Amino acid sequence: MKPLDVLGVRVEMPTSQPIVLLRERDGGRHVPIWIGAAEATAIAYAQEGVEPPRPLTHDLLVDVVEAVGRRVATVELVRLDEG
């Protein structure tokens, strides 16, 4: 398993499609993941520390996980389909 860091949200040109860009922690490779506009906004808010007026979907999921006494420690990408 290779640890990755989230570099941030970018916009791919010329399609203006948002991507989240991951970088290999101990290497030079990058992994772009194409996402929707709502997901791009949520990631950008989280990285900037912005609190939206009401919880976003991932906020609610974190609340549920914590309510049952757990926490998300890691996320693993196990497959990349269609590029």
Side-chain angles (χ1 to χ4, degrees):
M1 181 171 67
K2 299 264 186 187
L4 303 172
D5 293 317
V6 177
L7 286 182
V9 177
R10 307 283 191 270
V11 177
E12 180 190 48
M13 297 308 280
T15 63
S16 297
Q17 177 72 34
I19 61 171
V20 62
L21 189 59
L22 307 176
R23 181 183 61 204
E24 193 175 30
R25 188 170 291 162
D26 297 327
R29 294 185 293 179
H30 292 78
V31 179
I33 299 176
W34 283 260
I35 58 176
E39 293 79 11
T41 300
I43 292 168
Y45 278 178
Q47 286 191 315
E48 295 170 13
V50 174
E51 277 197 43
R54 61 177 219 219
L56 299 173
T57 304
H58 68 276
D59 297 318
L60 297 173
L61 183 57
V62 168
D63 290 346
V64 169
V65 170
E66 289 176 352
V68 296
R70 302 294 184 181
R71 70 181 187 88
V72 177
T74 63
V75 175
E76 291 184 27
L77 298 177
V78 295
R79 188 174 73 212
L80 183 64
D81 291 337
E82 298 179 28

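Because the structure is a prediction, the values reported are computed rather than measured. Keep in mind that the numbers below use all heavy atoms, side chains included, and drop hydrogens, waters and symmetry copies.
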*Rounded distance [0.5 Å steps], CD in Glu51 versus CG in Leu56*: 10.5 Å
_Rounded at 0.5 Å granularity, tell me how far CD1 in Ile19 sits from CD in Glu39._
14.0 Å
*Calculate, to the nearest 0.5 Å, the distance between atoms CZ and CG belonging to Arg25 and Asp5 respectively.*
4.0 Å
*asked:* Membership question, hydrophobic clusters at under 4.5 Å side-chain separation (ILVMFWY): are Val6 and Leu4 in the same one?
replied: yes
*Does Pro18 offer a backbone N or O that forms a donor-acceptor pair with the side chain of Glu12 under 3.5 Å?*
no
*Compare all side-chain heavy atoms of Leu22 with those of Leu77 and state whether any distance is below 4.5 angstrom.*
yes
*Looking at Ile35 and Ile43, what are the two nearest heavy atoms and their distance?*
CD1-CD1, 4.0 Å
*At their closest point, which heavy atom of Leu21 faces which heavy atom of His30, and how far apart are they?*
CD1-CB, 4.1 Å
*If you take all heavy atoms of Val75 and Val72, which pair is closest and at what distance?*
CG2-CG1, 4.3 Å
_Rounded distance [0.5 Å steps], CZ in Arg54 versus CG in Asp59_ = 11.0 Å
*Looking only at heavy atoms, what is the nearest atom pair of Gln47 and Gly8, with distance?*
OE1-CA, 3.4 Å
*asked:* Distance check, rounded to the nearest 0.5 Å: Glu66 atom CD versus Arg71 atom CZ?
replied: 10.0 Å
*Of the non-hydrogen atoms in Ser16 and Val11, which two are nearest, and what is the gap between them?*
CA-CG1, 3.4 Å
